[in-house]
Amino acid sequence: MAEACREAGADLPEPKRFEGFAVEGHAIIAPPNAIRSKALRGLRTKRTAMLTGWAMQPGAKYRYRVDEVFPMSDHADHTGLLECLQRVRPKHVLTVHGYMHEFAAELRSRRIDAWCAMGGDQLELSIAGSQRAVVSSHHGRQIRPICAFADFSDVCRLVGETSSRLAKIDFLANYLKDRESDNDLRLAAGWLTGEALPKSGGRRSLHVGSAALRRALLSIPGAREERYRELSLSQNDSARTARLFLQELTIKPEPLHLDGLARFFTELAGSNGSLDRIERLAMRLKTLHPTEAETLVKLLTGDLRIGLKEGLVEDAITAAFKADPAAVRHAHMLTGDIGETAVFARYKTLDEAELRPFVPIKCMLASPTAAASEIWDWHADNGLPLLWVEPKYDGIRLQLHKLGDRVAVFSRDLQPLDDAFPDLLAAAAAIPHDCVLDGELIAYASDRTLGFAELQQRLGRNLDQSDLFLTDSNQPLSVPLRFVAFDLLWHDGQGLLELSLEERRVRLDALELSGAFEAISVEKISLPEELDAAFKQSLADGHEGLIAKDAGSAYHPGRRGRSWLKLKGVMPTLDCIVVAAEQGHGKRSDVLSDYTFAVRDEVSGDLRIIGKAYSGLTDDEIEDLTEHFRKSTISKDKRRHVVEPDIVLEIAFDSIRASERHDSGLAMRFPRIKAIRRDKSLADIDTLQYAKSLVK
DNA sequence: ACTGGCTGCCC
DNA sequence: ATTCTGC
DNA sequence: GCAGAATGGGCAGCCAGT
């Protein structure tokens, strides 16, 4: 760039390459993402500046976290764009940002084949008599058909390429606003949240994972397994792998519209057997342009991974139809369906969304805290007078809906769990009021609480349950389950979300739950000592810890706010040695981000694997370790590098138990990396015997 | 009839 | 579940 | 403060392959 400036006549000194050390009086020019690179982070004394068109906006230097910003744009202005087009004379132009439709229309009036990349101007096709039938792909081997799914795919790409939430919302709002039919709007909005099937549609999953995808791709004529392995290994991302793999095959992409894709998903969900699914998948993949195939695979695996989830889609709907953000959130909460919400917003009928029986609402979640003092300080600092404390059970979060003699239960992620707990449903029919309860389901026998493991055996069960827990078939619920309600969200026709917890609790108590149902015990705290004591007592009672709630707060569905705080008991940490490292997935596919670690068996002297973890390290630390492990790799098998045992990690976990998973015979619950212990070596790690002593 | 890989979903 | 990251 | 991405252990069900 410096050379270009000098050629253009700017009086710049001779540039030198940056060799990793700074010379006083010099400026280092680097791309924006280099500012956090190891080389630049290492410079002790420096001032940083950002050159960007966004510098015109107030607050830009805080946004970029630099000492100063200077406005300098690499975008051309209107005249510059026209001049560029005159010189390049492109066959086709796609506009992607700013006044996309207007500029494209202006270009068409100048006889240039220009269209907004996000669609929305197809209406003019006949008017302009355009030849926008085809646009060639980068590789030229496949022709990319223009179709509604290609438009969708392009929006996903644009959204994925920016990390700016506002830009994402802008792209999405433009796209959603221009969907012509309500059905397309409904489908597109739903898929943007990463769900292939609509939430309200009953069947929720497609049973397609990496294996089914691999087999589908390999069944396409011309597919070479060796090439697939290569790509899969280097990408470690099934969607990218699919795109790159298909790019090299001779396939004939056909246009696909949104309803066609919806039909495909429905058929896939209804297919029987994995072979059938693989065949249907292969049929679809070989009639898609690789770009669209990548998007399809992302949808199939249930995650677009473009920095977009329900929250942002709500914001985009708000922007697209100039709606009230709170109204959109509220309607979405009640319908449980983002597509329906979008259609409501388009017709300005958001207020028509009603609380429907047996439509679950998202759970309110608690934020983690590190110590009782953090909870106390938060409440004191915010002047919150009512601190309530409840035990934190190790069970399954359950939302129970009862209306007349019909009962349904939903999991934390709103999955219907009726089939797993028929005895609970039967017993709930006797609750004398219509209600929606939020609570925890625990396994309970002879006055002692069983562990989560026992409870989990009933999850996913859909057949005979008689072998489980049921000791007396005449009274099926006499022993096994207990539902501990901690909130009442709806009562005899009235929604209670906006009431304070204190008011909701009064009504919960008025239900007078009995039998297998009980209201959770609450302790009202007014001194820090009481909080400490409650925490100790909760652990002594065998619970996970406690939940502290602001009794004045409303129920905020789906939010992990600070109205509810959780505090869990801590286990001692284990110092473990890393014996293997693996490539990550998605945006971590070029680093070794996943570590297998071991402890020492005192008896044999061998290292025994006890777990794996990634969570807990910063990106910078992962980068440093990646560098280290690439050098210390002893052998490599697929994604797994066996490495020299020379990095000690301090591992935290919630509990430890016997397991067949690793050769130590132990496994951890929620393992995470507390610290890299550079001060320790192989000789200092903890022993298998010590780890066993922590099993409870 | 059994097994192991795969998938989804609890924590 | 957990943790870190960018807005 | 929030939403998003990427990650762990463990269970049941399903089904293709043996």
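Reckoned from all heavy atoms, side chains included, excluding hydrogens, waters and symmetry mates. Throughout, a chain's letter reflects where its sequence line sits, starting with A, and its residues are numbered from 1.
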Base, sugar-phosphate, or nothing: which does A:Ser210 touch, judged by heavy atoms less than 4.0 Å apart? sugar-phosphate

What's the closest nucleotide to the side chain of A:Ser615 if the choices are B:dT7, C:dT2, D:dG9? C:dT2

Considering just the side-chain nitrogens and oxygens of A:Ser274, establish if one lies under 4.0 Å of OP1 or OP2 belonging to D:dC14. no

Taking the side chain of A:Arg672 as heavy atoms from C-beta outward, which of C:dT3, B:dC11, D:dA3 is closest to it? C:dT3

Give a yes/no on whether any side-chain N or O of A:Arg588 is located under 4.0 angstrom from OP1 or OP2 of D:dA6. no

Do A:Asp418 side-chain atoms and A:Val409 backbone N/O form a donor-acceptor pair below 3.5 Å? yes

Can you tell me how far P of D:dA3 sits from CD of A:Glu310, to the nearest Å? 11 Å

Testing D:dG10, B:dC11, B:dT7 for proximity to the side chain of A:Ile396, the answer is B:dC11

Pick base, sugar-phosphate or nothing for A:Arg214, based on heavy-atom distances below 4.0 Å to the nucleic acid. sugar-phosphate

Give the rounded distance in Å between these two atoms: CZ of A:Arg559 and P of D:dG4. 10 Å

Using the test side-chain contact (heavy atoms from CB on, under 4.5 Å), find all partners of A:Arg229 that sit at least two apart in sequence or belong to another chain. A:Glu225, A:Glu226

Looking at C:dT2, B:dT7, D:dG10, which one has an atom nearest to any side-chain atom of A:His207? B:dT7

C:dT2, D:dG1, D:dA16: which one has an atom nearest the side-chain heavy atoms of A:Lys566? C:dT2

Hey, does the side chain of A:Arg165 come within less than 4.0 Å of D:dA3's phosphate (OP1/OP2), counting only N and O? no

Does A:Trp378 use its side chain to pair, donor to acceptor, with the backbone of A:Arg562 at less than 3.5 Å? yes

Would you say a side-chain N or O of A:Arg669 is under 4.0 Å from OP1 or OP2 of C:dA1? no

Just checking A:His662: base, sugar-phosphate only, or nothing, at a heavy-atom cut-off of under 4.0 Å? sugar-phosphate

Among the nucleotides D:dG8, D:dG4, D:dA3, which one has an atom lying closest to any side-chain atom of A:Lys309? D:dG4

Within this structure, what is the CG-to-C1' distance between A:Asp237 and D:dA5, rounded to whole angstrom? 12 Å

When all nucleic acid strands are considered with a 4.0 Å heavy-atom cut-off, which category describes A:Asp654: base, sugar-phosphate, or nothing? nothing

Measure NZ/A:Lys612 against P/D:dG9 and give the value in whole Å, please. 6 Å

Categorize A:Ala652 for me: base, sugar-phosphate, or nothing, with a 4.0 angstrom heavy-atom threshold over every strand shown. nothing

Separation of D:dG8 P from A:Arg657 CZ (nearest whole Å): 18 Å

Counting side-chain heavy atoms from C-beta on, which of D:dA16, C:dT2, B:dC10 comes nearest to A:Phe670? C:dT2

Could you check whether the side chain of A:Gln415 and the base of B:dC9 have a donor-acceptor pair of N or O atoms closer than 3.5 Å, going by distance alone? no

Please compare A:Leu365 and A:Thr618 by the position of their nearest nucleotide in DNA chain C and report the one closer to 5'. A:Leu365

Base, sugar-phosphate, or nothing for A:Ile673, non-hydrogen atoms under 4.0 angstrom? nothing

Is the distance from OP1 or OP2 of D:dA6 to the nearest side-chain N or O of A:Ser589 less than 4.0 Å? no

A:Trp564 and A:Tyr555 have their tightest heavy-atom pair at CH2-CE1, 3.9 Å

I want to check one thing: is the phosphate of C:dT2, taken as OP1 and OP2, less than 4.0 Å away from some side-chain N or O of A:Lys568? yes

Closest to the side chain of A:Asp594, out of B:dC10, D:dG10, D:dG8, is D:dG8

Taking only the side-chain heavy atoms of A:Lys392 (C-beta and beyond), determine which of B:dT7, D:dG10, C:dA1 contains the nearest atom. C:dA1

Spacing of A:Leu166 atom CG relative to D:dC2 atom P, expressed in whole Å: 18 Å

For a side-chain contact (heavy atoms from CB on, under 4.5 Å) check, start with the C-alpha distance between A:Lys566 and A:Glu544, then their side-chain angles and the critical distance, and finish with the verdict. CA-CA 10 Å; A:Lys566 66 177 157 188; A:Glu544 275 196 315; over 6 Å; no

With a cut-off of under 6.0 Å to the ring centre and 45° to the axis, is A:Arg397 in cation-pi contact with A:Phe486? no

In whole angstrom, what separates A:Ile622's CD1 from D:dA5's P? 16 Å

Write down the distance between OH (A:Tyr614) and P (C:dT3), rounded to a whole number of angstrom. 11 Å

Check this for me: A:Glu582, atom CD, are more than 12 non-hydrogen atoms of other residues, nucleotides or ligands nearer than 6.0 Å? yes

